[in-house]
Structure formats: structure tokens, C-alpha cells
Amino acid sequence: MKYIATSEDREFQVEIIDEKHIRVGDRLLEVNFESVSGQPVYSLIVDGRSYEAFVYQGEDNNWQVLLRGRLFPVAVEDEREKRLRAAGNSTLAEGEEFHLKAPMPGLVVAIPVSEGQSVEKGQVVAVLESMKMQNELKSPRAGTIGRIRVKPGESVEQKQTLLSIQ
Amino acid sequence: MKYIATSEDREFQVEIIDEKHIRVGDRLLEVNFESVSGQPVYSLIVDGRSYEAFVYQGEDNNWQVLLRGRLFPVAVEDEREKRLRAAGNSTLAEGEEFHLKAPMPGLVVAIPVSEGQSVEKGQVVAVLESMKMQNELKSPRAGTIGRIRVKPGESVEQKQTLLSIQ
Amino acid sequence: MFKKVLVANRGEIAVRIIRACRELGMDTVAVYSEADRHALHVRYADEAYLLGPAPSRESYLRGDKIIDIARKAGADAIHPGYGFLAERDDFAAACADAGIAFIGPKPSSIAAMGDKAEARATVIKAGVPIVPGTEDVGNLTDDDLLGIAPKIGFPLLIKATAGGGGKGMREVVNIEEMPGLLHSARREAESAFGDGNVYLEKLVTGARHIEIQVMADMHGNVIHLGERECSLQRRHQKLVEESPSPIMDDELRAKMGAVAVKAAQAVDYVNAGTIEFLVDKDRNFYFLEMNTRLQVEHAVTEFITGIDIVAEQLRIARGRQLSYTQDQIRFNGAAIECRINAEDPYNNFIPSTGRITHSLLPTGPGVRVDTGVYPGFEITPYYDPMIAKLIVWGETRAQAILRMRRALEEYRIVGVRTNIPFHQTLMDSTRFMGGQYDTRFVEERFSMDEKEEYRDEHAEIAAMLATLVAHQETERSAQIVRRGERDTSNWKWIGRWERIHR
Amino acid sequence: MFKKVLVANRGEIAVRIIRACRELGMDTVAVYSEADRHALHVRYADEAYLLGPAPSRESYLRGDKIIDIARKAGADAIHPGYGFLAERDDFAAACADAGIAFIGPKPSSIAAMGDKAEARATVIKAGVPIVPGTEDVGNLTDDDLLGIAPKIGFPLLIKATAGGGGKGMREVVNIEEMPGLLHSARREAESAFGDGNVYLEKLVTGARHIEIQVMADMHGNVIHLGERECSLQRRHQKLVEESPSPIMDDELRAKMGAVAVKAAQAVDYVNAGTIEFLVDKDRNFYFLEMNTRLQVEHAVTEFITGIDIVAEQLRIARGRQLSYTQDQIRFNGAAIECRINAEDPYNNFIPSTGRITHSLLPTGPGVRVDTGVYPGFEITPYYDPMIAKLIVWGETRAQAILRMRRALEEYRIVGVRTNIPFHQTLMDSTRFMGGQYDTRFVEERFSMDEKEEYRDEHAEIAAMLATLVAHQETERSAQIVRRGERDTSNWKWIGRWERIHR
């Protein structure tokens with residue numbers, strides 16, 4: 001699974017390959033990662049270097065890493081979340097019809113709205129399942145649901161239009 | 001609830017009166033008893049004296065108390081158990097009919113044997129419930145179940161005969 | 001010696017005193033509030049008695065109850081530790097009336113030094129240099145003070161006459177803001193000490209806060225155990241103490257020591273006490289106040305002198321002569337103390353409460369940790385945030401700093417945030433290493449995020465750690481979702497959705 | 001100094017060495033077995049590399065792998081600690097061949113002292129008194145030994161020439177049992193050191209085991225840091241060490257120290273080493289053997305001399321001169337060490353394994369705990385049962401004993417049984433307090449349950465505690481039963497019973 005971690009204003013591409021390997025940027029690294037005594041204290045041995053840190057979760061995707069007496073705030077997103085954010089952030093002018101597209105391939109779990117229904121900005125208009133997780137797709141603005149092009153249970157391609165909002 | 005604790009070859013009558021009071025022999029004591037960090041380490045403040053000890057359970061009713069760098073093996077029985085033991089221990093000659101009596105008032109939960117059935121020494125012949133606990137009554141010797149005088153669901157008085165073993 | 005000693009305190013200092021008593025073969029009596037049933041001093045003491053509810057006023061400040069308990073338990077002495085009742089002459093007197101030895105100075109000495117204005121007047125007579133300010137005894141009205149202020153000159157400090165630890169202290173840079181500051185200072189002093197009296201003192205800039213440890217017995221012997229450098233403070237709270245002071249030399253130590261002894265003698269002092277001085281850039285020193293009790297940072301002096309100050313307190317209180325003469329006192333190596341507080345250095349040092357779930361103490365050569373907490377113990381908001389003192393010794397100051405860095409790096413406390421990262425950053429700061437700091441350094445010229453090159457080096461590791469933990473969390477929640485799916489298939493579930501939303 | 005040091009060990013000594021390196025600004029490399037991923041030395045080191053499976057032969061004894069790792073990691077020195085590869089001259093030589101500094105003596109010195117028979121021959125030449133026994137070098141057959149035995153006289157000891165720590169050691173009281181004991185001794189020595197050679201030594205009765213710490217640099221300077229009294233042993237395993245020895249005086253110390261230095265010089269010794277002596281009732285002393293490495297109990301000497309022996313080892317290995325001359329060495333106060341083992345003193349000291357669920361370290365003045373374990377760490381059966389060393393210092397031996405009692409009482413380790421109660425009983429024993437003990441004291445004249453009056457006093461408290469816990473358990477199980485009842489009523493349940501039993 002691929003993640004984008006932002007630490008000290010630098011973006012790091014971190015891919016979790018398996019239990020023992022990760023790729024950072026284009027470097028394949030052998031890692032040995034363990035939680036100590038079931039505490040939020042983690043021991044990381046990466047290519048022989050041994051590190052221990054407190055890792056606390058902040059809001060959303062923000063983590064606080066206390067390492068060697070310094071605090072590093074780190075934002076971690078996986079690609080899905082990044083796309084979701086992109087999808088959500090796509091700004092648009094009023095009135096103009098907006099086509100909600102699938103940010104990733106997946107299974108339509110639910111369309112909790114019906115055609116003609118008016119929705120608020122941020123209201124959930126579709127639930128899409130992918131990577132064994134269900135992701136709520138929100139309306140980028142207030143409006144009315146136009147045509148709904150998919151039904152629950154259907155699988156959709158990335159970028160396939162799910163419904164439109166007038 | 002009353003207990004008999006045997007420590008250093010001495011018998012102590014210890015009665016748990018409530019959360020904060022116990023009676024040892026005829027002395028009423030105020031106690032403050034706490035487990036430390038959810039460990040088998042216990043802090044006891046009794047009439048102002050503060051003690052801390054490890055208390056481990058051994059077999060049956062035997063406890064190991066590690067106090068001030070010394071180990072005290074302590075046997076703890078409640079009256080019920082003592083009576084049960086008395087009942088169980090009551091030795092008897094072969095052949096002679098043995099009348100199993102209720103060691104305490106209670107509810108007959110089960111009679112897992114039937115008349116005429118032969119039983120081993122120590123085999124459970126009756127289950128009696130009292131003080132919200134179920135107590136198995138064992139046959140003091142091998143033999144054959146004679147008359148069964150009680151049925152499950154019946155409540156019985158202390159010393160009431162439950163069944164006989166020939 | 002005493003048979004049984006009641007320790008009228010809590011936390012690490014109560015534990016420290018119990019240890020000294022035990023090592024001298026004395027029984028110990030702990031007192032505790034409802035919040036402290038599981039506290040270490042209760043667990044370690046031979047006896048323990050409940051004082052009352054968590055708030056100090058209803059528990060650790062209840063001198064009457066404490067004396068009753070001492071009587072009931074048959075304690076022949078009471079050690080007050082620091083804070084709480086330690087500098088209350090009425091409590092010391094009440095102990096005496098009850099025929100219980102108060103392990104500390106005479107009530108008269110506490111009173112004389114406890115009232116800061118009177119203290120100034122007393123030591124002036126003894127020829128001890130003081131910071132310019134209101135010379136006369138307290139009870140001054142705001143008008144008096146506003147009148148005197150310009151003569152002293154700004155900036156100046158408002159200080160509580162009954163005060164200590166910066167409570168009721170205000171800095172005044174001009175006359176306009178002074179009335180408001182007087183008001184808040186008096187209010188704070190009133191609530192902290194039950195005495196709203198304040199006095200004024202010139203603010204010495206670029207000053208160091210250096211104190212001298214003195215010990216005096218009932219036979220007129222008074223010695224000093226050298227200095228402790230306490231300039232590293234935040235909001236008048238000491239954070240780090242060290243001895244020797246980076247600016248000290250034998251000559252200045254001898255001079256300040258002699259003055260400290262004189263100040264103690266001026267109030268006929270007995271037992272352990274500390275004279276606090278302000279030392280300006282030209283190494284002129286001025287008497288600030290005397291702490292008539294055991295000091296939090298006493299362990300720093302214990303490390304470099306090898307003297308067990310608390311044990312010596314107990315002997316003195318019993319009427320023994322001092323075990324040492326001044327010329328037997330040797331200073332060996334350097335010691336540093338970091339006060340470990342339950343507060344978040346990344347969030348304006350706000351106190352952090354909660355249950356300690358895990359802890360790993362630094363140990364090994366030259367390391368001492370005095371603490372009153374342990375895994376499973378709950379840090380409550382009722383008392384001081386200081387949960388431990390980490391003290392190290394080294395043959396040289398440089399070695400002590402390296403050892404302190406090592407120890408801080410090893411120290412793990414999970415469950416509450418601590419200021420350990422603050423200390424780690426401080427120990428790495430060139431100013432501290434150079435010994436170039438004053439009482440304003442921490443607040444005005446110290447930053448938690450210096451050492452950029454260092455941060456760059458570890459930014460990537462931090463990124464990896466955060467990602468690995470985040471991934472773990474994701475997997476975990478994903479599993480929960482999967483489990484959920486087994487119960488009710490998506491199709492049923494979607495049906496429900498549709499019913500609801502049609 | 002060195003840039004990066006690999007620590008070829010585990011447990012408390014690996015942690016101890018990492019601390020010294022860190023305080024000298026050196027990077028550290030840990031090696032670990034599959035059982036030790038969570039071990040403290042792995043957590044504390046800057047780098048960590050897996051050696052192999054848990055058994056020592058496949059991990060910590062794999063000198064080849066360790067040297068490869070040192071090369072790969074770019075370590076310029078290896079510290080072997082004690083045990084494992086510490087006294088393997090071939091390993092020391094391999095380090096030298098790999099251009100990596102071995103922090104210890106030259107291979108030739110290790111070899112000379114490692115072979116006990118050769119060692120005896122060597123020191124005899126240097127005029128060092130030895131215990132009568134087989135003077136000639138090893139490789140003796142059982143027949144040879146059986147022939148020599150009567151000349152030496154019984155009782156005597158069979159010792160492994162490659163040995164140490166009592167492995168392969170047997171006591172022989174008559175010729176009849178000797179063949180069998182020779183067999184088992186050789187077998188044990190073979191498996192422990194890969195060398196079944198043994199030699200004989202007269203058994204000195206009522207003897208004390210006293211060792212002298214020596215330090216030697218590459219410039220021919222050799223000094224001693226006084227003695228450590230190590231007579232308190234069980235099955236030839238030291239349990240308690242102290243310095244000074246209760247029987248020592250300056251004159252004897254000077255004599256033994258001089259002899260120890262001579263013995264070290266006899267093998268051209270460099271770095272830290274220890275000469276073990278047997279001292280008989282008349283205070284005659286005999287060379288036993290030399291441990292050519294850091295000793296478990298080195299911290300006792302660190303406490304009374306103020307010298308950081310491990311840091312000094314690192315300096316010496318780098319080619320530095322000793323930081324001290326003999327006449328700069330001062331002995332201050334008294335220090336005692338208790339070895340805390342995971343074993344049950346109430347059950348014939350059988351080792352106890354398991355996860356440590358809770359731990360509370362004694363701290364405060366004059367207390368040091370060196371340990372490699374922490375709450376959550378699993379004690380495995382693969383390695384030495386020693387999980388911690390508790391060392392205390394006091395101005396006098398009496399104070400040190402009182403402090404040790406205090407510290408032992410505070411120490412809490414939950415999850416495994418420990419021998420702390422043994423130490424507590426020992427510290428209370430009049431024989432120990434009087435300093436009247438020899439190497440047989442623990443096994444032959446010490447009992448875990450003395451002090452009857454004490455037991456009577458606490459029998460009742462123990463009864464209360466056991467009862468309260470038992471009651472709590474009863475209540476808990478009762479609740480479980482009650483919960484059970486809610487699910488299926490007794491009546492249904494009885495019905496089932498009847499069906500089954502009709």
C-alpha cells in the first residue's frame with residue numbers, strides 16, 4: 001500500500017510492501033517494526049539503524065512522532081485518501097452541473113439519496129467500497145441530485161460518473 | 001463471611017464484615033485493602049499499619065504471601081468448605097451404609113447418579129447450591145447408591161440426608 | 001534517635017524522607033489525601049492515615065489533623081518536606097506545643113524569614129547585601145507602594161511577603177500597569193498563603209539565581225555545602241539546577257558561603273536551609289530570600305558532597321552535633337538536576353494528567369531518579385506537576401551533561417506528556433553547554449526547535465514511523481469492517497439503506 | 001576515540017556498555033538473538049543486527065557473524081562484556097585480524113590466563129602464591145589425576161582448565177568417588193567450553209573468596225582498584241559482593257594489590273582484569289585465577305572509587321594512558337551488590353521464566369540498579385537468570401547494609417519469581433552483619449527461615465492478606481456463576497443433567 005507522509009515540510013512516498021519491507025521514494029528498505037510492551041512506543045530497525053519513538057495520533061491523518069527528544073508532526077495519507085481529497089476539493093462554480101466521479105475502482109455500496117432530492121454541501125451522496133473499506137463520497141456543494149447513473153451492488157471503474165448534482 | 005486462615009501453624013478466625021471492616025478473632029479491625037496496578041501486589045492498611053505483599057494462589061485453598069521479604073504459606077477455608085471437608089473426611093467402615101447429609105442449607109441442583117448405580121470414591125453424587133456457589137458433594141468411598149431422598153430443585157436443610165451409599 | 005517520624009507531605013519528597021528514616025531505623029507514618037491512596041509514600045511507609053479530600057486545603061494543609069494523627073500514632077517527630085506546611089511557623093509551633101519535634105528551624109526563624117520584608121530588614125542588620133527595594137516591613141498599601149516604586153526605579157518586581165515559588169510575583173515595567181498588577185499579585189498571594197501583603201524589589205537584569213545550602217545544629221555550628229545554580233526557570237519555577245555554578249570560583253563560593261552562614265545566624269537558624277541570591281553580570285550578589293526548609297534540588301548537593309542531607313536533618317533535629325565541620329566539606333565533580341514535570345512542552349507547557357501506563361527509568365552509574373509515581377498510578381490535577389527529579393553526577397560538568405543526555409534519552413514515561421523533550425533540547429543548546437544563561441534565558445532566548453540540521457536528518461525516519469503506525473491502524477480498522485461484513489452481507493445492508501432512503 | 005563500538009553481549013552488561021559509549025560520544029551497535037528483539041540493549045543502541053536463533057551457540061557465541069556485522073556496520077571496536085566470547089583468545093585474535101579493536105587484553109594474555117593450569121604455572125614463576133594442586137599444564141588423564149590426588153590430599157577440587165563460574169567444578173572428599181566426578185566434570189567442561197581438560201586443586205576450608213580489580217594500559221602502567229569480597233556464593237555462583245571486605249585492612253590490601261599487579265604483569269596484561277584469591281582463616285592468600293575481562297560486580301568498585309571502569313576500558317583500548325595513578329585511587333565508604341536472579345528461593349532456586357508484568361525499581365541516594373529487563377519483557381530460559389544488579393553505597397558498611405535492606409524492600413518485580421527474599425533474609429542475618437562468612441556460608445550455614453519472632457509478628461497480617469484475596473476471588477467466581485445462571489436457568493440445566501444421567 002502506498003502512502004504520502006509529510007514531515008518537516010517534505011513529502012515522502014512510503015510504500016508498505018510487506019511485514020519486513022518498505023519503499024521510501026525509490027529506495028527499498030528492510031524494516032523491523034515493533035510496538036514495545038503494547039504501548040504507543042515503537043521500535044524501528046531500518047537497515048540496521050535502531051530507533052525508538054512515541055507515536056501519538058492527532059486529528060485526521062496527523063501523527064506526532066517523538067523521536068530522540070524532538071517532536072515531528074507528520075501527515076500521512078494513502079493514495080485513496082489523497083484522491084478523495086482531490087475529488088472533494090475540486091471547486092466549482094454555482095449552478096454549473098457537477099458530475100460526481102468514482103475516485104477509485106470499487107463497489108457501489110449505497111446511494112443514500114434519490115433523484116430530485118436537495119442536498120447540503122458535504123452531505124454523503126454515495127458510499128463506495130474499495131480496498132475493503134467503505135468511503136463516503138460527499139457533495140462538494142449544496143444542490144439538487146440530478147441523474148443517478150449507478151445502483152447499489154454495481155461495480156464501477158475509476159473516474160466513472162456516479163451521479164450529477166445541479 | 002467467615003474464614004479460617006492457618007498461618008505459621010496458627011489458626012486465625014477472619015470474618016469479612018464489609019468493604020472496610022474485618023473481625024480477627026474477636027477484634028473488629030478497620031481495613032483498607034487495595035490491589036496495586038492490577039497486579040498480584042496488595043496494599044493493606046489495617047488500623048493505620050501499612051503493609052504491601054505479593055499474594056499468589058497455590059493449590060486449592062493455599063496461598064503464598066510474600067511480606068516484608070518473607071514467604072508465609074497460608075491455608076484459607078470458609079466455614080462451608082470446612083464443613084464440606086468434614087463431611088468428606090468423615091471416615092467410615094466398609095459395608096456400613098453412609099448417609100450423605102447436606103453440609104449447609106441450600107438448593108439441590110443435581111443428583112448426577114441414580115439408585116443402584118455403583119460409584120467410585122470421590123465421585124460426585126450431588127450438586128448443592130448455596131451462597132450463590134455450586135458445591136459438588138463427593139462419595140467418601142466406593143459403593144452403590146442406595147435410596148435417593150431428594151430431587152433436583154428441592155431446597156434442603158443443613159444436615160438433611162440427601163442419599164445413602166451402601 | 002527518633003522512634004517514629006510522620007512525613008507531612010506527598011510525592012517524591014515524602015518517599016525521599018521515608019527512605020532516610022528507614023535507613024536510620026526509624027518507623028515512618030504517611031498521611032494521604034483521598035487522591036493518594038495508591039501513592040508511593042503510602043505504599044512505602046510503615047503506617048498510613050487518611051487526611052481528607054484531594055484538595056490540599058482539606059488534606060496536606062490540615063496541620064491540626066496531621067498533629068492529631070502524629071499523637072495518635074505516637075510519632076515523636078514530623079518532617080514537613082517542602083511546600084505545604086514546611087514554612088508555616090504556626091505549624092512548627094503547634095508541633096512544639098504537642099511535644100513533637102518539628103524537623104526544621106524554630107518557629108521564630110521561619111517567621112523571620114517567612115515574611116520577606118522582615119527578612120530583608122533582618123539580614124540588612126547582619127550586613128548582608130540585598131536587592132534595592134522596600135526596606136521597611138510589609139503591610140504597605142497600594143498607595144505607599146505606588147509612591148515608593150519610582151524611587152526604586154523600573155523595571156521592578158512585586159513580591160508576596162509571605163511568598164515563595166513565584167506565587168504572587170509580578171514584574172512591573174511602568175507605573176501605569178502597576179495598580180492592576182498589585183491587585184492580581186495580592187489576590188494570588190492571598191489565595192496561596194492566606195496573606196495578601198506584598199513588597200517591591202528592583203529587577204536585576206541579566207541576573208543569575210544562585211543559592212547556598214546551609215546546615216546548622218542546636219549547638220551553634222553553622223556550615224554551608226556550596227552553591228546550586230538555579231537560573232534556568234520558567235515563570236519563576238526552577239526547571240534545572242546544577243552545582244557547581246558555571247560562574248563560580250572558590251573565592252566567590254567562600255564569600256557567598258560566609259554571607260549565607262551570617263544570614264542563617266542572624267535568625268538563629270537550626271537545621272537545613274537555603275539562602276537564595278541574585279548574582280549580577282559583575283558577580284555582585286544580593287540576598288533574595290531564605291527557604292527555611294529542605295529544597296527540591298537538595299540531591300544536587302548530595303551528589304557532589306556525598307552528604308545525605310535528609311539523614312543529617314533528622315540527626316540535627318534530634319539534637320546531635322553536625323557530622324561535619326566546614327573544612328571537611330569537599331566538592332567532587334559536577335551534578336545536574338532536571339525536574340520532570342507532567343506538562344506538554346509542545347503545547348505551552350499545559351499540565352498533563354492521566355494514568356501512567358508504562359515507565360522506564362534511566363539507571364546506571366551516576367544517575368539518580370527521585371520519583372513518587374509508577375506504572376498504574378494516576379496523575380491528578382490536584383498537586384504539583386513535578387512527578388520526578390532526574391539527577392546525574394559526572395567527574396566534570398561536560399561529563400555530567402553527556403550523562404544527563406543519555407539518561408533523558410533512556411527515560412520513558414507513557415500515559416502523560418512530560419517536559420523531557422524540553423530538557424533534551426536544553427541539554428543540546430550551546431548556551432547551556434557554555435554555561436551562558438541567566439534567569440530570563442528559558443523564557444526569552446530558548447526555543448524548542450533549534451538544531452535544524454538535526455531535524456532534517458530525522459524527518460524521514462519520523463515519516464516512516466508515522467506511516468508504519470498509520471498503516472497498522474488502517475489494517476486494524478479494515479479487519480473490523482471485514483468482520484462486520486461476515487455478519488450481515490453487503491446486499492442485506494444495502495437493502496436496508498434503500499428502504500431508509502426511498 | 002572510537003567512532004562506533006559493537007557490543008557483543010546482551011542483558012544488563014550490554015546496556016551498561018552502551019551507556020558508557022554514549023557518554024563518550026561513540027555510536028553503538030547491538031547484536032541480538034531471535035529471543036531478544038525487544039531487549040533493552042537493542043532498544044538503546046544506535047544500530048542493531050540479528051545474530052540468529054535464541055541458543056547462544058547460534059547467536060551470541062557466533063564470533064564469525066559478529067565480526068562480519070562489525071565490518072558491515074563499520075564498527076572500529078568490539079566490547080565483549082563478560083561471558084560469551086569475553087575470554088576467547090581466538091575471538092580476540094580474529095578481531096585484531098579484522099582490524100577491529102578488541103576492548104580487552106591481548107589474545108596471548110587471555111590464552112595464558114584462560115588455561116587455568118598454564119595460568120598457575122605462569123604466576124608461580126612470578127612468585128605469586130597459589131593453592132597446592134596439579135602444578136603442571138593440563139591434558140592430564142584420569143589415571144594421572146587419580147595418582148596425583150592423594151599427594152594433594154582430600155578434600156580437593158576438580159576444575160576445568162578452560163573453566164570459570166564453577167562450570168566443570170567438582171568437590172572430591174575421597175578417592176572412591178573421584179572417577180565418577182572426573183567423568184561428569186569433563187563432560188560439563190566439554191559442553192561449556194568445548195574443552196574437557198581438568199586439573200586438581202586443594203580445597204581450602206573456611207576460605208574467603210576475595211578478588212582484586214586491576215587496570216593496565218598499553219604503556220606499561222598497571223594499577224589496582226582494591227578488592228571485592230565475593231565469598232557469598234551458591235554452587236560457585238556469586239550472589240553478593242561487597243567492598244571493602246570485612247576482613248581487609250590497608251596492609252593486606254596493599255600486599256594483595258601488589259601481588260595482583262605482579263600477576264597481571266606476568267602475562268603482559270592490558271585493560272581491566274580481576275585476580276581472584278582464596279584467603280584462609282589466617283589471612284594467607286592464594287591465587288585462584290584471573291578473569292581477563294570486565295567483571296559482573298565491577299559497579300561495587302565504581303561506587304567506592306568514583307571511577308567509571310567501562311569508560312576507562314574504552315580509553316585504554318584506544319591507546320590512552322590510564323587516567324589515574326595508583327596513589328590517586330581513593331576508597332570512599334562501602335558498597336554492596338546483590339545479584340537479582342529470576343529464580344525461586346523457596347523452591348530450591350529453580351529458574352523462573354515468564355513475562356515481567358510490573359516492576360518498581362528502588363531509587364534514591366546511593367542506590368544503583370543495572371538491569372536489562374523492563375515491564376513487558378519476556379524472561380526466556382535461554383540465558384543467565386541474572387536479570388538485575390542492585391548496588392548500594394554507604395558512608396559505612398553498616399549504612400550500606402541498611403540502605404540495601406531499604407532498597408530490597410522497595411524492589412518489585414512481578415511476573416517471575418526472584419531471589420530478592422533471599423537477599424533480604426541474608427541482609428538480616430547476624431552472620432552477614434558481622435561480616436563472618438566464608439565461601440560455604442550460604443550453602444551450609446544459611447537458612448531462609450530464621451528470625452522466628454519476626455515471623456510470629458507477621459503471621460496474622462499474612463493471614464488477613466490471604467483471606468482478603470481469597471474472599472475477593474470467591475466473590476469474583478460467584479459473580480461468574482451468577483452471570484452463568486442468567487443464560488441458562490438451573491432448571492433447564494438440571495433437566496440436562498437428568499437426561500444425561502437417566
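Values below: every heavy atom of this structure, side chains too, minus hydrogens, waters and symmetry copies. To find a chain, count down the sequence lines: A is the first, B the second, and so on, and within it residues start at 1.
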Residue among C/R43, C/H38, C/R37 satisfying side chain to side chain donor-acceptor pair (under 3.5 Å) with B/E34 | C/H38
Distance in Å, B/R68 CZ paired with C/D46 CG, rounded so as to fall on 0.5 Å steps | 5.5 Å
B/Y56 atom OH: more than 12 heavy-atom contacts under 6.0 Å = yes
The interface call for C/Y374 against chain B, heavy-atom contacts under 4.5 Å, is side chain
Pick whichever of C/A30, C/G376, C/A48 has the most heavy-atom pairs under 4.5 Å with chain B.
-> C/A48
Decide yes or no for B/I45 and C/V42: does some side-chain heavy atom of the first lie under 4.5 Å from some side-chain heavy atom of the second?
-> yes
Gap separating the NE2 atom of C/H41 from the OG atom of B/S50, nearest 0.5 angstrom | 10.0 Å
Might you confirm whether atom NZ of B/K2 has over 12 heavy atoms from other residues, nucleotides or ligands at distances under 6.0 Å?
-> no
If you look at every heavy atom in B/N32 and C/Y32, which pair is closest and at what distance?
-> ND2-OH, 3.6 Å
Of all residues at least two apart in sequence or in a different chain, which pass the salt bridge (charged side-chain N to carboxylate O under 4.0 Å, His left out) check with C/E302?
-> C/R16, C/R368
Under 4.5 Å from a heavy atom of chain B, the part of C/A73 involved = neither
Just wondering, more than 12 heavy atoms not from C/E58 lying within 6.0 Å of its CD?
-> yes
Report, as yes or no, whether the 6.0 Å neighbourhood of atom CZ on B/R49 holds more than 12 heavy atoms from other residues, nucleotides or ligands.
-> yes
